[in-house]
Amino acid sequence: MRQTLPTPEALDLLRRQAGEARAVLNYDQAIALNRRRVEGGRKRGNLAEAVAALIEISRDSQANFQPVAAFASLYEAHTLQPGDASISVALGDLYTELHLREQAIAVYETAGNFAADRLMRAYLGKGDTARARLFLNQDRQRLQQEKNLRGEANLLVAWGDPATYTEAVELLARALPTASFRDQAQMLGLRATLFGLLKRPDEARQCFVQQLMLCDLHLLWQERFAALGAYASFEYFYGEKPKARALLQTYQAKAQELQSPRDERGALQKRLDFAGYESNWPEVAAICTETIVLCVAQGWRSELPYLQARHAEAFQKLGKRPEAAAACRAAIATLEQHRRTYAGLDAADQAFRQGNRAPYERLLSLLPQKSPESFPLVQKLKARVLREQLAMGRAPQETPSSPEEKALRVRCEQLNAALVREGIANDIGGKKRFTTLQAELRAAESALARFYDTLHARSPQTALRHVASEPTLAQVQARLGPQELLLDFAWAVQGEEKVYVLAIRRERFQLVKLEIGLTELQLRITRLRHACSNPERPWQEAAKAVREALLAPLEPWLKGADKVTLCPDGVLWEVPFAVLLEQVPLSYAFSAALWHTQRTLPPLPPRPIPLLAVAAPNLAGWNRPIIAPERPIIAPERPIIAPERPIIAPERSAFLPVELPGTAQEVQTLARLFPKALVLEGKKAQESQVKTEAVRCRWLHIATHAFLNDAAPYLSCLVLSDPDDPTREDGFLTARELLGLDLSGVELATLSACNTARGETLTGEGVRGLSWALTAAGARNLILSQWSIQDEATVVWMTAFYTALKRGQSKPDALRHAAQSVRKAPDRSHPYYWAAFLLIGSGL
């Protein structure tokens, strides 16, 4: 049967109908209509029409909380017209909406002149005005060539400098006579706003009046509503509050008369803003109630979380704790539904959760100390991506799945190696090159992240998340020993800005709020870490200050504990708790829920390799960037230790002397303790061999240099031998490569190198880097370092640790025994020598 081709008029009708549906926020209908437009464009061979419709579908999908669908439509558009700048702009807009600025910038830059205005805004948002001005001038030149006066004025307004507002006003005046009535109305509104910013209120009022008269004359209802809202805001900020409220009454009444829920919502938002400015909490609560009812009736899901969060705030300010808690629970329920739509988009998911913590944190502040609800609430704030990855299980995926992915990963790894080289050589001009490489690496990492986003979008099955099981408080308590204590910290960055602690024992629990503010606590923690990581600095006073803030309020819970499991959050991962709790064995976990998950895993079966020990890699090849620095490193902002202290002995940092005799001593000791161990030493410490054997071993021990990459945490790495085949491996075992291995059979992974517990600290998710990768890959326990470790002391520490394990001591007991063994020596009493290592995982 012959198919009927849709006419251009029919396609244009679909476009207009989709726009009308979008205007009333009916995104589902708009998407369905544009999907028909895509198919019609395909049938006619009009790819430009299909691509334009797909771009609109992407924007509507994002507005409808369907980000994966938004990526999928843009990928489909890309397959139709590769290299189309409009697709790049749309993708950049999507990343901007997802609050991923760096990825947005990287995409916009591929669109050339088409995205100059967006790049200007993005760099302004970063505070890089010099770079932003380049794009301002570039786009302004284009607009002047096109004689687009209105566009040039809009650009100057977006620049946000009062010095440009007068010029923008004049440009709009010149554009007005030849514009359509609708455009005239919009430009009059913009001129009015600019006059207000320029402190010329009479001229602003004149423009508003002209705008309203024009809208009434030509029945431009949409522009009239916008004018009423802007006029009301203008009068409010110029002190004419009664007039502002009268304008809003007119706005809302006309919207109701015309049965325009979207515009009624706009009027309510203005009223809510004014009530909020005045801290009129009864009115805020009442307006939120009215607006929520409207949004629920219209099915506007994207509106609800903000309104519910404001509702909770108002009730809390009014002292209505039950109502505030109920509003928080409603907001959390909505956010949990929205979060499911981010499946596979890890960076977007992280940004979404970071930007929507307020209801969770506010509810924490409202709950009684012994409310069982506090436990699941804290777990919703912590380590959810890790738990979901572990719930999915791991499969070997170290090898890139496509040439595109391989090329992107190779590019990132090459930049990473160049970054290491510049840090080591520290030649003249190296600091500038180092900064440039960091920027290039961030862009390359962004490109790889975009690849994974589109991979999930075009193959949704790769993004399916298994919902991680949520243990109950009783289940966690049942896993604790009789005198064991678990402390789960929540770094509450919104609202009260406090730290909350779930103190859990087998028979009791309590939610404790620490009274110290986050800023002061962070300052104390920084001082303590700097003191402990430098053997020349005193540390006792700094330790006392942190102990008083963090642990003194928990003293009743610490009393009698024979083991403590710590679940830090935010900057608390920087705290060397071994210095504060010297008398009790310690272990760490990312959250109580993840600790429970790891504790309930079935026993590991025997493994082909009981212990894999890797050490003393061969670094002699000229193809490697690992060489001794020629002069002191003077750029402390690099991901290295502070250089001002003396280097007493070699440290296991890639930036310090490469001869590490202690690493060879370590593996020789391990070989004696565990005769069946597989030892890869010197030239045998090949990256390819380590990857092959790591998935077959029970215990994994790697003693070498480490490189902490703060520009790209997944490229933090362990340094292995010069590769036999440089075309296959580069000798750097990165966090990303570890993440791709199946380490679910590894009971203990020890990284005997510098700063291996450090990385990108994420509120709620822990530290993204080597520790995060190893845990996500399935390793059950980790031994990692919090600062640069001294070579000789580390040999003593590791020998004592593994000897204690061989005698049957638990891992936390063995860790404490190792620390005590090192500090017995008079010249190693400073925490720098004995407190760097921590145990993360199940503790079993």
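- Considering only heavy atoms from C-beta on, R828 stays 4.5 Å or farther from W834 through its side chain.
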Stepwise, does the side-chain contact (heavy atoms from CB on, under 4.5 Å) test hold for E445 with L715? CA-CA 9 Å; E445 284 282 288; L715 290 176; 3.7 Å; yes

Show your reasoning for whether salt bridge (charged side-chain N to carboxylate O under 4.0 Å, His left out) applies to R524 and E520. CA-CA 6 Å; R524 294 188 190 188; E520 173 61 23; 2.9 Å; yes

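- Under the 30°/60° scheme for interplanar angles, the aromatic rings of F674 and W699 are found to stand perpendicular.
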Apply salt bridge (charged side-chain N to carboxylate O under 4.0 Å, His left out) to the pair R547 and E555, showing each step before the final yes or no. CA-CA 10 Å; R547 187 183 297 111; E555 198 59 43; over 6 Å; no

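- When side chains are defined from C-beta on, P576 counts as touching W787, because their heavy atoms get closer than 4.5 Å.
- The minimum heavy-atom distance linking D488 with Q379 is given by the pair OD2-NE2, 3.0 Å.
- Note on ring orientation: taking the six-membered ring where Trp is involved, the planes of F801 and W797 are parallel (angle under 30°, cut-offs 30° and 60°).
- The minimum heavy-atom distance linking V767 with R758 is given by the pair CG1-C, 3.5 Å.
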Pair R698, E747 - check salt bridge (charged side-chain N to carboxylate O under 4.0 Å, His left out), show working. CA-CA 6 Å; R698 180 69 168 262; E747 178 188 331; 2.8 Å; yes

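- In this structure, R599 and L844 have side chains that are in contact, with non-hydrogen atoms separated by less than 4.5 Å.
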How far apart are the C-alpha atoms of R384 and E765, what are their side-chain angles, what is the distance that settles it, and do they pass the salt bridge (charged side-chain N to carboxylate O under 4.0 Å, His left out) test? CA-CA 7 Å; R384 298 186 74 181; E765 278 301 324; over 6 Å; no

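- Defined by atom type and a distance below 3.5 Å, a donor-acceptor pair is missing between the side-chain atoms of E666 and T794.
- The heavy-atom pair separating H830 from C532 by the smallest distance is CE1-O, 3.6 Å.
- The aromatic rings of F590 and W573 are tilted relative to each other, their planes meeting at an angle between 30° and 60°.
- Note that CG of L733 and CG of L741 are 7.0 Å apart. Values are rounded to the nearest 0.5 Å.
- The cationic group of R508 lies under 6.0 Å from the six-membered ring centre of W557 and within 45° of the ring axis, placing it in a cation-pi geometry.
- Heavy atoms from other residues, nucleotides or ligands lying under 6.0 Å from CD of E507 number 12 at most.
- Judged by distance alone, the side chain of Q477 and the main-chain N or O of R505 form a donor-acceptor pair under 3.5 Å.
- For the atom pair NZ (K811) and CD1 (I783), the distance works out to 9.0 Å, reported to the nearest 0.5 Å.
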Decide yes or no on side-chain contact (heavy atoms from CB on, under 4.5 Å) for D827 and Y833, but give the supporting numbers first. CA-CA 9 Å; D827 60 343; Y833 298 100; over 6 Å; no

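- The closest donor-acceptor contact from the side chain of Q686 to the backbone of D722 lies under 3.5 Å.
- V476 has its side chain within reach of W595: a pair of non-hydrogen atoms, C-beta onward, lies under 4.5 Å apart.
- Between the N618 side chain and the S721 main chain, no donor and acceptor come within less than 3.5 Å of each other.
- Side-chain atoms of R816 come within 3.5 Å of backbone atoms of E582 as a donor-acceptor pair (strictly under, hydrogens ignored).
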What verdict does the side-chain contact (heavy atoms from CB on, under 4.5 Å) test give for L782 and T775, after you've listed the backbone C-alpha separation in whole Å, the side-chain angles of each residue and the deciding distance to 0.1 Å? CA-CA 8 Å; L782 316 174; T775 301; 3.5 Å; yes

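- Rounding to the nearest 0.5 Å places NE2 of H596 at 7.0 Å from OG1 of T472.
- Across every non-hydrogen atom of Q689 and K684, the tightest pair is CB-O, 4.3 Å.
- Defined by atom type and a distance below 3.5 Å, a donor-acceptor pair is present between the side-chain atoms of N781 and S842.
- The backbone N or O of T734 sits less than 3.5 Å from a side-chain atom of E737, completing a donor-acceptor pair.
- Between K382 atom NZ and L386 atom CG the span is 11.5 Å, to the nearest 0.5 Å.
- Side chain to side chain, R529 and T526 fail the donor-acceptor criterion of an N or O pair below 3.5 Å.
- Formation of a donor-acceptor pair under 3.5 Å by the R607 side chain with backbone atoms of V695 is found in this model.
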Report the C-alpha separation of E687 and D730 in whole Å, then their side-chain angles, then the decisive distance to 0.1 Å, and conclude whether the side-chain contact (heavy atoms from CB on, under 4.5 Å) test is met. CA-CA 8 Å; E687 181 185 353; D730 60 6; 3.2 Å; yes

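- One N or O on the side chain of T597 and one on the backbone of A593 form a donor-acceptor pair closer than 3.5 Å.
- To the nearest 0.5 Å, atoms CG (L680) and CD (E693) are separated by 6.5 Å.
- A706 and C754 make their closest contact through CB-O, 3.3 Å (heavy atoms, listed as atom of the first residue, atom of the second, distance).
- Taking 4.5 Å as the limit, some side-chain heavy atom of F732 sits within range of a side-chain heavy atom of V719.
- For the pair L441 and N709, the minimum side-chain heavy-atom distance is below 4.5 Å.
- Between the S587 side chain and the L839 main chain, no donor and acceptor come within less than 3.5 Å of each other.
- Checking side-chain atoms of S785 against main-chain N and O of A753 turns up a donor-acceptor pair under 3.5 Å.
- Of the possible polar contacts, one joining the R506 side chain to the L480 backbone as a donor-acceptor pair under 3.5 Å is found.
- Note that CZ of F707 and CG of N755 are 11.0 Å apart. Values are rounded to the nearest 0.5 Å.
- The 12-atom threshold is exceeded at CZ of R807, counting heavy atoms of other residues, nucleotides or ligands nearer than 6.0 Å.
- The environment of K683 atom NZ is dense: over 12 non-hydrogen atoms of other residues, nucleotides or ligands sit within 6.0 angstrom.
- Side-chain contact check for E484 versus T565: some heavy-atom pair is nearer than 4.5 Å.
- Contact check for F489 versus L550: side-chain heavy atoms found under the 4.5 Å cut-off.
- Closest heavy-atom contact between Q786 and V575: NE2-O, 3.2 Å.
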